[in-house]
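Sequential numbering from 1 along the given sequence is applied to the chain's residues. Just so it is clear, the model here is predicted, and its values are computed rather than measured.
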Amino acid sequence: MRSRAARIIVRAIGAFRKILFLGLAGILAFALVRYFAQNREAEGFAKELALHWEGQGSSSGPASPGDVVGWIEIPRIGLSAPVVEMANVDDRENLNKGPAHLMGTAYPGEEGNCVIAGHRTTYSRPFFRLDELSEGDAVVLTGRGGSKHTYLVRWKRIVDPDEVWVMEKTGGVVLTMIACHPLFSARKRLVVRAEAVKGTDAVE
């Protein structure tokens with residue numbers, strides 16, 4: 001027969017388990033609600049940006065944060081989405097809208113380093129499958145003037161968040177795509193570098 005102290009301990013353990021279960025269930029429920037809310041918000045962003053892209057014609061000139069500055073297509077991972085201008089690496093507002101071009105870097109087809117960042121696990125998750133890209137895979141960027149530019153992947157690396165050299169100016173016509181790594185973590189950065197196909201700027 002259990003002593004009174006033993007019964008108290010058993011009850012305490014049982015109560016703790018219930019509290020732990022309820023706490024975990026609450027965290028899971030909150031995460032699911034937030035996930036679906038982000039998805040709905042991302043769908044709204046995508047529709048709005050696509051409409052802006054269709055209605056801007058052959059817009060050119062300086063872009064402001066929030067403007068649609070291009071369209072990105074990556075057949076290998078099934079991505080086709082508008083690209084929004086972001087002010088800097090801390091501009092979460094525009095990064096949450098989809099693939100985001102870093103202001104101050106080259107635009108599609110321009111000489112230099114065109115930097116595009118995207119989420120992997122939140123909002124529209126445009127770069128969820130970015131890690132599947134391999135050398136030679138094509139990335140097609142359409143600029144605001146309507147011209148299409150094909151880039152081929154050259155390398156893929158995992159770097160620390162403070163390795164900002166990947167965003168620095170470069171020679172040639174280069175594209176750098178950046179996302180957090182691993183999935184569900186911002187501990188590292190996944191970087192994919194591509195170079196424009198020489199001799200042509202269009203894809204038929």
Side-chain angles (χ1 to χ4, degrees), residues 46 49-50 53 60 63 65 67-89 91 94-183 186-204:
L49 294 176
W53 175 253
S60 59
D67 288 348
V68 183
V69 295
W71 196 280
I72 184 170
E73 297 172 87
I74 309 180
R76 175 68 181 271
I77 61 175
L79 176 64
S80 179
V83 179
V84 65
E85 185 82 339
M86 64 187 299
N88 49 56
V89 293
D91 183 3
N94 286 306
L95 182 61
N96 291 343
K97 296 178 180 178
H101 172 264
L102 181 61
M103 180 177 281
T105 66
Y107 286 106
E110 287 186 351
E111 181 83 12
N113 188 8
C114 175
V115 178
I116 296 178
H119 288 304
R120 293 190 73 194
T121 56
T122 57
Y123 289 91
S124 60
R125 302 174 297 157
F127 284 170
F128 179 75
R129 297 174 59 195
L130 192 67
D131 61 321
E132 297 179 22
L133 294 183
S134 302
E135 183 176 356
D137 285 337
V139 181
V140 180
L141 294 182
T142 303
R144 297 173 80 200
S147 59
K148 288 189 175 183
H149 311 275
T150 303
Y151 298 75
L152 298 182
V153 172
R154 294 307 181 204
W155 51 257
K156 176 175 60 180
R157 297 179 187 175
I158 306 300
V159 303
D160 291 323
D162 60 357
E163 293 190 58
V164 296
W165 62 268
V166 299
M167 297 183 286
E168 294 175 352
K169 293 181 179 180
T170 62
V173 182
V174 171
L175 167 66
T176 301
M177 294 175 289
I178 303 174
C180 290
H181 183 84
L183 293 174
R187 185 165 50 89
K188 296 283 187 177
R189 297 291 182 269
L190 169 64
V191 180
V192 176
R193 173 66 58 83
E195 296 178 3
V197 175
K198 295 182 178 180
T200 180
D201 64 356
V203 173
E204 300 298 334

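- Residue Arg120 comes nearest to Ala179 through the heavy atom pair CG-CB, 3.4 Å, listed as atom of the first residue, atom of the second, then distance.
- Using modelled atom types and a 3.5 Å distance limit, the side chains of His181 and Arg187 yield no donor-acceptor pair.
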Let me check something: any side-chain donor-acceptor pairs from residues 154-166 under 3.5 Å, sequence neighbours excluded? List them with distances.
from: Lys156; atom 1: NZ; to: Asp131; atom 2: O; distance (Å): 2.6
from: Lys156; atom 1: NZ; to: Leu133; atom 2: O; distance (Å): 2.9
from: Asp160; atom 1: OD1; to: Lys188; atom 2: NZ; distance (Å): 2.4
from: Glu163; atom 1: OE1; to: Trp165; atom 2: NE1; distance (Å): 3.0
from: Glu163; atom 1: OE2; to: Asp160; atom 2: N; distance (Å): 3.0

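- Leu141 is listed as a side-chain neighbour of Tyr151, based on a closest heavy-atom distance under 4.5 Å.
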Show the numbers, then the answer: is there a side chain to side chain contact (heavy atoms under 4.5 Å, CB included) between Leu102 and Val89? CA-CA 7 Å; Leu102 181 61; Val89 293; 4.2 Å; yes
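- Atom CZ of Phe128 sits about 10.5 Å away from atom CD1 of Ile77, to the nearest 0.5 Å.
- Pairs passing the salt bridge (charged side-chain N to carboxylate O under 4.0 Å, His left out) check and including a residue from residues 133-143, sequence neighbours excluded, read Arg76-Asp137.
- Looking at Val68 and Val83, their side chains never come closer than 4.5 Å, going by heavy atoms from C-beta outward.
- Of all the heavy atoms in Thr150 and Ala138, the pair that sits closest is CG2-CB, 4.3 Å.
- At a threshold of 4.5 Å between non-hydrogen side-chain atoms, the residues Leu79 and Arg129 do not count as touching.
- Looking at heavy atoms from C-beta onward, Ile178 lies in side-chain contact with Val115 at the 4.5 angstrom threshold.
- Taking both residues in full, the closest heavy atoms of Val69 and Val84 are given as CG2-C, 4.3 Å, listed atom of the first, atom of the second, then distance.
- Annotation: side-chain contact (heavy atoms from CB on, under 4.5 Å) contacts of Pro65 (sequence neighbours excluded): Ala87, Asp91, Asn94, Met103.
- Taken to the nearest 0.5 Å, the CG atom of Leu183 stands 10.0 Å off from the CZ atom of Arg125.
- Here the shortest heavy-atom pairing between Arg189 and Cys180 reads NH1-SG, 3.8 Å.
- For the residue pair His101 and Ala106, the shortest heavy atom distance occurs at NE2-O, 2.8 Å.
- Across all non-hydrogen atoms, the minimal contact from Gly118 to Pro126 is CA-CG, 4.2 Å.
- Note that the NZ atom of Lys97 and the CD atom of Glu85 stand 11.5 Å from one another [nearest 0.5 Å].
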Apply side chain to side chain donor-acceptor pair (under 3.5 Å) to the pair Asn113 and Thr176, showing each step before the final yes or no. CA-CA 7 Å; Asn113 188 8; Thr176 301; 2.7 Å; yes
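- Here the straight-line distance linking atom CD of Glu195 with atom CG of Leu152 works out to 9.0 Å at 0.5 Å rounding.
- Listed by chain and residue number, Tyr123 satisfy the ring-ring contact (aromatic ring centres under 6.0 Å, His included) test with His119 (two or more places apart in sequence, or in another chain).
- Taking CD of Glu110 as the start and OG1 of Thr105 as the end, the distance is 9.0 Å to the nearest 0.5 Å.
- Evaluation of the salt bridge (charged side-chain N to carboxylate O under 4.0 Å, His left out) rule for Glu168 yields no partner, not counting sequence neighbours.
- With rounding to the nearest 0.5 Å, the separation of OG1 in Thr170 from CZ in Arg193 is 5.5 Å.
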Yes or no on side chain to side chain contact (heavy atoms under 4.5 Å, CB included) for Met177 and Val139, after CA distance, side-chain angles and deciding distance? CA-CA 10 Å; Met177 294 175 289; Val139 181; 3.8 Å; yes
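- In this view, Thr142 and Trp53, Trp71, Glu73, Lys148 satisfy the side-chain contact (heavy atoms from CB on, under 4.5 Å) rule, not counting sequence neighbours.
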